[in-house]
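These values consider heavy atoms only, across backbone and side chains, with no hydrogens, waters or symmetry-generated copies.
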Amino acid sequence: MKKKIGAILLTIILMVGLLAGCGQKSEGTEENAEEKGSGKATARTLDEIKQDGKIKIGVFSDKNPFGYVDENGEVQGYDVYFAKRIAKDLLGSEDAVEFVYVEAASRVEYLQSGKVDIILANFTVTDERKEKVDFALPYMKVALGVVSPEAKLITDVSQLKDGTLIVVKGTTAETYFSEKHPEIKLLKFDEYQEAYDALLDGRGEAFSTDNTEVLAWALNNKGYAVGIESLGNTDAIAPAVQKGNTALLDWINTEIKSLADEKFFHADYEKTLKPVYGESVDPESLVVEGGEM
């Protein structure tokens, strides 16, 4: 009997130890999960990108004509044209770029988590964003615009006081109207296509985003016009990298400066934007060469 009791006690002790060990392992797993969930990861260095032979660049897939997927499933646009040149000059081939599709609200997170090396998704430089990412020199300039049905054209912000304005989350339009016009109701979407569908469905009186974007959309959608062509400040559009990724940032800045000699961004405009804008937009109002606004 004593032997049986001893055996039972020994079994209990072993089980308690095993459970304690499992508890410690579980605690460690939770800590690791929390660390992974923080969204922070060290960016790849310039040398690591060269060794890999591929560069990951975040672009839009639904913002024509800056980053979009065409009818053949190919990604096109002003930002894409630049991304391919980066890959060619850095790694020797336009095919060395791996495009990663992002939404406006995910651009910072994709850099912080190391999912991309560079963001070229029509990224406007702001003081708030500068605290989270490092911006290179600008390659485009932009202000906000407002597009609406021609039959009920919005030509002044005051007309939106009792209506609904459509915006995309994480954009300068969302920030501008939230801060400057809190009296205006905002209908927010994650994706640009969702926002345009809402405008077409009449779920809002107007849609606001970069003027370059709404001008292009209105030209391709009969019955709509940009009643407010420039709102707020004229801002810079620039590539962004993870904060502290200095070598890659310096390389991009040198690249932008060197491309000025061949007026690369004017060529980019002629290839990707002029077919959309025609003669309705002056390229000098948009294009930036050599990083000089």
Side-chain angles (χ1 to χ4, degrees), residues 35-36 38-61 63 66-67 75-142 170 172 235-265 267-268 272 287-293:
E35 185 177 337
K36 290 178 181 177
S38 67
K40 297 294 179 68
T42 303
R44 297 197 302 169
T45 64
L46 184 63
D47 288 339
E48 287 172 338
I49 293 169
K50 289 179 178 179
Q51 289 172 6
D52 181 48
K54 281 278 186 180
I55 185 162
K56 298 178 182 180
I57 299 181
V59 296
F60 285 126
S61 64
K63 193 172 184 180
F66 300 97
V75 62
Q76 306 284 357
Y78 187 81
D79 292 339
V80 174
Y81 189 95
F82 181 29
K84 289 181 178 179
R85 181 58 182 264
I86 288 175
K88 181 181 178 181
D89 290 350
L90 179 62
L91 301 172
S93 171
E94 288 186 354
D95 296 330
V97 57
E98 178 182 332
F99 289 110
V100 179
Y101 299 144
V102 299
E103 295 173 355
S106 69
R107 290 174 293 191
V108 170
E109 186 272 325
Y110 268 51
L111 284 175
Q112 291 180 332
S113 62
K115 293 176 183 175
V116 297
D117 303 306
I118 304 171
I119 285 288
L120 281 184
N122 225 230
F123 210 8
T124 304
V125 180
T126 68
D127 290 338
E128 181 182 0
R129 289 170 178 168
K130 283 180 181 179
E131 295 177 2
K132 301 174 183 176
V133 302
D134 283 339
F135 283 101
L137 293 170
Y139 62 97
M140 193 167 68
K141 50 192 172 185
V142 71
T172 49
D235 295 315
I237 299 288
V241 303
Q242 190 180 99
K243 203 153 191 65
N245 198 354
T246 308
L248 180 58
L249 185 70
D250 290 345
W251 187 93
I252 297 170
N253 284 337
T254 300
E255 174 79 346
I256 289 173
K257 290 177 181 177
S258 66
L259 290 175
D261 295 336
E262 61 186 82
K263 290 193 173 295
F264 171 82
F265 290 106
D268 190 349
T272 64
V287 176
V288 175
E289 295 284 7
E292 297 181 7
M293 291 280 284

Enquirer: Between the side chains of K243 and E131, is the shortest nitrogen-to-carboxylate-oxygen separation below 4.0 Å, so that they form an ion pair?
Expert: no
Enquirer: Would you check if N245 and D134 make a side-chain contact, meaning some heavy-atom pair closer than 4.5 Å?
Expert: no
Enquirer: If only atom types and distance count, is the side chain of R129 paired as donor or acceptor with the main-chain N or O of T126 below 3.5 Å?
Expert: no
Enquirer: Minimum heavy-atom separation for G58 to V102, with atom names?
Expert: CA-CG1, 4.1 Å
Enquirer: For D79 and Y139, does a side-chain donor sit closer than 3.5 Å to a side-chain acceptor?
Expert: yes
Enquirer: Measure from the ring center of F123 to the ring center of F60 and say whether it is less than 6.0 Å.
Expert: no
Enquirer: About how many Å separate OG of S106 and CD1 of I119, when rounded to the nearest 0.5 Å?
Expert: 7.0 Å
Enquirer: Hey, does I57 have a side-chain heavy atom less than 4.5 Å from the side chain of V116?
Expert: no
Enquirer: Decide side-chain contact (heavy atoms from CB on, under 4.5 Å) for I252 and D250; before the verdict, give the C-alpha distance in whole Å, the side-chain angles of both, and the deciding distance to 0.1 Å.
Expert: CA-CA 5 Å; I252 297 170; D250 290 345; over 6 Å; no
Enquirer: In Å and rounded to the nearest 0.5 Å, what is the CG to OG1 distance from D235 to T124?
Expert: 6.0 Å
Enquirer: Going by an N to O cut-off under 4.0 Å, is there a salt bridge joining R44 and D52?
Expert: yes
Enquirer: side-chain contact (heavy atoms from CB on, under 4.5 Å), that's the test. Do L259 and D89 meet it? Break it down for me.
Expert: CA-CA 11 Å; L259 290 175; D89 290 350; 4.3 Å; yes
Enquirer: In Å, rounded to the nearest 0.5 Å, how long is the span from NZ of K40 to CD of E109?
Expert: 11.0 Å
Enquirer: Quick one: closest heavy-atom pair of A87 and A96, and the distance?
Expert: CB-C, 4.1 Å
Enquirer: Taking atom NZ of K54 and atom OG of S93, what is their separation to the nearest 0.5 Å?
Expert: 7.5 Å
Enquirer: If you compare all heavy atoms of V288 against all heavy atoms of E292, which two are closest, and at what distance to 0.1 Å?
Expert: CG1-O, 3.3 Å
Enquirer: Is any side-chain N of the basic residue among E289 and K257 closer than 4.0 Å to the acidic one's carboxylate O?
Expert: no
Enquirer: Is the shortest heavy-atom distance from the side chain of L46 to the side chain of L90 under 4.5 Å?
Expert: yes
Enquirer: Using a 4.5 Å cut-off on heavy atoms from C-beta on, say whether the side chain of T45 contacts that of L248.
Expert: no
Enquirer: Please say whether more than 12 non-hydrogen atoms of neighbouring residues, nucleotides or ligands are located less than 6.0 Å from CD in E262.
Expert: yes
Enquirer: Of the non-hydrogen atoms in A238 and A136, which two are nearest, and what is the gap between them?
Expert: CB-O, 3.4 Å
Enquirer: Can you find a pair of side-chain heavy atoms, one from F66 and one from V80, that are under 4.5 Å apart?
Expert: no
Enquirer: Working note: Q242 + V108, criterion side-chain contact (heavy atoms from CB on, under 4.5 Å); need CA distance, chi angles, decisive distance, verdict.
Expert: CA-CA 8 Å; Q242 190 180 99; V108 170; over 6 Å; no
Enquirer: Given side chains that start at C-beta, do those of I55 and E98 come closer than 4.5 Å, heavy atoms only?
Expert: no
Enquirer: Counting C-beta onward and ignoring hydrogens, is there a side-chain heavy-atom pair between E255 and L137 closer than 4.5 Å?
Expert: no
Enquirer: How close do K130 and V125 get, heavy atom to heavy atom, and via which atoms?
Expert: CE-CG1, 3.4 Å
Enquirer: If you measure from the Lys or Arg side-chain nitrogens to the Asp or Glu carboxylate oxygens, is any gap between D117 and K56 under 4.0 Å?
Expert: no
Enquirer: From the options F82, F264, W251, select the one residue that forms a side chain to side chain contact (heavy atoms under 4.5 Å, CB included) with I256.
Expert: F82
Enquirer: Given side-chain contact (heavy atoms from CB on, under 4.5 Å), test V133 with V241 step by step and report yes or no.
Expert: CA-CA 6 Å; V133 302; V241 303; over 6 Å; no
Enquirer: Under the 3.5 angstrom rule, does the side chain of D268 hit a backbone N or O of Y81 as a donor-acceptor pair?
Expert: no
Enquirer: Taking the side chain as every heavy atom from C-beta outward, state whether F265 and M140 have any pair of such atoms under 4.5 Å apart.
Expert: no
Enquirer: Rounded to the nearest 0.5 Å, what separation is found between the OG atom of S61 and the CD atom of Q76?
Expert: 13.0 Å
Enquirer: Closest approach of S113 and A41, non-hydrogen atoms and distance?
Expert: O-CB, 3.3 Å
